[in-house]
Amino acid sequence: MSVHMLNIPVTRAAQSRISEVDFDHLQFGKTFSDHMFVVDYKDGAWQEPQVVPYGTMELSPATSSLHYGQAIFEGMKAYREESGDILLFRPLANLRRLNASAERLCMPELPEELFMQGLEQLLRVDADWVPIGKGRSLYIRPLMFATDDFIGVRPSLTYKFLIITGPVGAYYDVPVKVAVETTYVRSAEGGAGFAKAAGNYAAALYPTRRMQQQGYDQLIWTDAKEHKYVEESGTMNVMFVIDNVLVTPSLSTSILHGITRDSVLQVARDLGFKVEERKVSVEEVAQAYKAGKLQEAFGTGTAAIISQIALIHYNGEDMELPPVQERTISNAIGAELDKIRTAQAPDPHNWVYRLTL
Ligand SMILES: *Cc1c(COP(=O)(O)O)cnc(C)c1O
C-alpha cells in the first residue's frame with residue numbers, strides 16, 4: 001500500500017518551555033509539551049493540518065460541544081529508547097477506537113494518514129519531551145470536538161481534532177480500595193459506554209466523589225439493569241483471578257473496549273494462563289472470596305497498565321485481597337507487557353510502532 005505523504009507545516013514556539021520542567025516530579029495531566037497538532041473539519045472534509053505552539057484557543061460561547069457534548073478523546077503513551085527511538089504502543093488501535101467513538105457521536109471519521117502522520121510530525125518536533133528513564137513516558141491525548149457556532153440540537157457540521165502531549169513520570173502504584181456501586185451507573189447497554197466520550201466521564205464524577213467521601217479510591221461499576229454484574233473499575237477495565245483463572249467481563253456496548261485489556265488478555269494467553277471473558281457477577285466474586293479462591297483483582301488502562309486492587313467493599317463487607325507480591329499472574333503479565341512496550345522482549349503481535357528520528 002502506498003502511503004500518501006501529507007504536507008504538515010510546523011510553526012515553532014518562539015521559546016521552548018522544557019527547561020522549566022522538573023522531570024523528577026511530574027504530576028499527571030499538568031505539564032504540556034511545546035507543540036500540538038491541529039486540523040479542522042468543515043464543508044465535509046478535513047482541512048490543512050498543522051503543528052503549532054501549544055496554547056489557548058478562542059471559542060464562541062455557542063460552540064455546540066460545550067452544550068451538547070459532541071466530544072471524544074483517546075489516551076496513549078510513547079516511550080524513549082536508549083537509542084533515541086520513540087516507541088508507540090498499538091497506535092492504530094487507538095485510531096480505530098477514536099473512529100468507533102466518532103461514529104457513535106455522529107462525528108466524522110479521521111483518516112489513518114492524518115492521524116499517524118500528524119502524530120509522527122508532532123513527536124518529531126517535540127522529541128525532547130519524550131523522557132528517557134524507567135517508567136517515564138510521554139502521555140498523548142488526541143481529542144475531537146464539535147465547533148459549530150450554533151445551539152440548535154443536531155450533529156455539528158464543523159469539528160476540531162487535536163493532539164496534545166505531556167511527559168509523565170513512573171506511575172506510583174499504591175493498591176486501591178474500591179467499592180461496588182449499586183445505585184448509580186456509568187453506562188447502560190445501548191448507550192455510549194464503549195466510546196471514549198467526554199460525557200461518560202462527567203456523569204461518573206458525582207458517584208465517584210461520593211465513594212471517595214466514604215473512604216474508597218474508586219468504585220466498581222455494575223450493570224445498569226440489575227446491578228448484579230461487574231462492568232469496570234473507575235476509568236479502567238477490571239479483571240479477577242479466581243482459582244487460577246483470569247476472569248474479566250466480556251465486552252458490550254456499555255464497557256469501554258480497553259486496548260490494555262485486550263493486550264493483557266493476549267499476553268495472558270501467550271504465557272499459558274487460562275482466560276475467561278464472560279459475565280462476572282459480584283456474587284461470584286464474593287463467593288470466591290469466602291472460599292479463599294479470590295487471588296487477584298486489578299484494573300487495566302494506559303495510565304497504570306495494571307492497577308492492583310487492595311480491597312473490595314460490597315454489601316457492608318470489606319474483602320481484603322492477598323498482598324501484591326503474591327499475585328503471580330498479574331505480576332507476570334504486567335512485567336511481560338512492560339518489556340514488550342519498551343522493546344525489551346519479542347513482539348509477536350506487532351504492537352510496537354517505532355519512530356526513528
Ligand atoms: C480509556 C478507558 C479504559 C482503558 O482503555 P485503555 O485503552 O486500556 O487505556 C477503560 N475504561 C474506561 C471507561 C476508559 O475511558
Non-neighbouring partners of Arg124 that pass side chain to side chain contact (heavy atoms under 4.5 Å, CB included), sequence neighbours left out: Glu120, Leu355, Leu357
Partners meeting side chain to side chain contact (heavy atoms under 4.5 Å, CB included) with Phe73 (sequence neighbours left out):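 Partners of Phe73 by the side chain to side chain contact (heavy atoms under 4.5 Å, CB included) criterion, ordered by chain and then number, come out as Arg141, Leu143, Lys196, Tyr201.
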Heavy-atom side-chain contact between [X] and [Y] under 4.5 Å:
| X | Y | answer |
| --- | --- | --- |
| Val230 | Val238 | yes |
| Met144 | Gln70 | no |
| Tyr41 | Phe161 | no |
| Trp129 | Ile18 | yes |

State plainly whether one hydrophobic cluster holds both [X] and [Y], where clusters connect Ile, Leu, Val, Met, Phe, Trp and Tyr through side-chain heavy atoms under 4.5 angstrom apart.
| X | Y | result |
| --- | --- | --- |
| Leu138 | Leu88 | yes |
| Val247 | Met319 | yes |
| Phe145 | Ile163 | no |
| Phe32 | Val130 | no |

Side chain to side chain donor-acceptor pair (under 3.5 Å) evaluation trace for Gln266 with Asp270: CA-CA 6 Å; Gln266 184 61 58; Asp270 293 349; 2.9 Å; yes
Any donor-acceptor pair under 3.5 Å linking the side chain of [X] with the backbone of [Y]?
| X | Y | answer |
| --- | --- | --- |
| Arg186 | Gly193 | yes |
| Glu181 | Tyr184 | yes |
| Asn315 | Glu317 | no |

Under a 3.5 Å threshold, yes or no: a donor from one side chain and an acceptor from the other, between [X] and [Y]?
| X | Y | result |
| --- | --- | --- |
| Gln121 | Gln117 | no |
| Asp149 | Ser60 | yes |
| Ser83 | Glu81 | yes |
| Glu296 | Ser330 | yes |

Separation of Tyr139 OH from Leu26 CG (nearest 0.5 Å): 15.0 Å
Rounded distance (nearest 0.5 Å) linking atom CD1 of Ile333 with atom CG of Leu265: 8.0 Å
Please set out all donor-acceptor pairs under 3.5 angstrom arising from side-chain atoms of residues 249-262, sequence neighbours excluded.
{"unit_1": "Ser252", "atom_1": "OG", "unit_2": "Ser254", "atom_2": "N", "d": "3.1"}
{"unit_1": "Ser252", "atom_1": "OG", "unit_2": "Ser254", "atom_2": "OG", "d": "3.0"}
{"unit_1": "Thr253", "atom_1": "OG1", "unit_2": "Gly190", "atom_2": "N", "d": "2.8"}
{"unit_1": "Ser254", "atom_1": "OG", "unit_2": "Glu231", "atom_2": "OE1", "d": "2.6"}
{"unit_1": "Ser254", "atom_1": "OG", "unit_2": "Glu231", "atom_2": "OE2", "d": "3.4"}
{"unit_1": "His257", "atom_1": "NE2", "unit_2": "Ser252", "atom_2": "O", "d": "3.2"}
{"unit_1": "His257", "atom_1": "NE2", "unit_2": "Ile255", "atom_2": "O", "d": "3.4"}
{"unit_1": "Thr260", "atom_1": "OG1", "unit_2": "Thr302", "atom_2": "N", "d": "3.2"}
{"unit_1": "Arg261", "atom_1": "NH1", "unit_2": "Glu277", "atom_2": "OE1", "d": "3.4"}
{"unit_1": "Arg261", "atom_1": "NH2", "unit_2": "Pro249", "atom_2": "O", "d": "3.0"}
{"unit_1": "Arg261", "atom_1": "NH2", "unit_2": "Glu277", "atom_2": "OE1", "d": "2.8"}
{"unit_1": "Asp262", "atom_1": "OD2", "unit_2": "Arg90", "atom_2": "NH1", "d": "2.9"}
{"unit_1": "Asp262", "atom_1": "OD2", "unit_2": "Arg90", "atom_2": "NH2", "d": "3.0"}

Residue pairs, two or more places apart or on separate chains, that pass ring-ring contact (aromatic ring centres under 6.0 Å, His included) and touch residues 316-350: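 As it turns out, the ring-ring contact (aromatic ring centres under 6.0 Å, His included) pairs with a partner in residues 316-350, which skip direct neighbours, are His349-Trp351.
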Summary of ring-ring contact (aromatic ring centres under 6.0 Å, His included) pairs that have at least one residue in residues 310-330, sequence neighbours excluded: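 As it turns out, the ring-ring contact (aromatic ring centres under 6.0 Å, His included) pairs with a partner in residues 310-330, which skip direct neighbours, are Tyr216-His313.
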Set of residues satisfying ring-ring contact (aromatic ring centres under 6.0 Å, His included) with respect to Tyr353, sequence neighbours excluded: none
Intermediate values then yes/no, side chain to side chain contact (heavy atoms under 4.5 Å, CB included), Ile72 and Arg104: CA-CA 10 Å; Ile72 57 176; Arg104 181 63 180 79; over 6 Å; no
Pairing of Asp347 and Lys339 as salt bridge, 4.0 angstrom limit: no
Salt bridge Arg154-Asp148, side-chain N to carboxylate O under 4.0 Å: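 Salt bridge between Arg154 and Asp148, a charged N being under 4.0 Å from a carboxylate O: yes.
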Salt bridge (Lys or Arg N to Asp or Glu O under 4.0 Å), paired with Glu284, selected from Lys228, Lys279, Arg278: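 So the option named by the test is Arg278.
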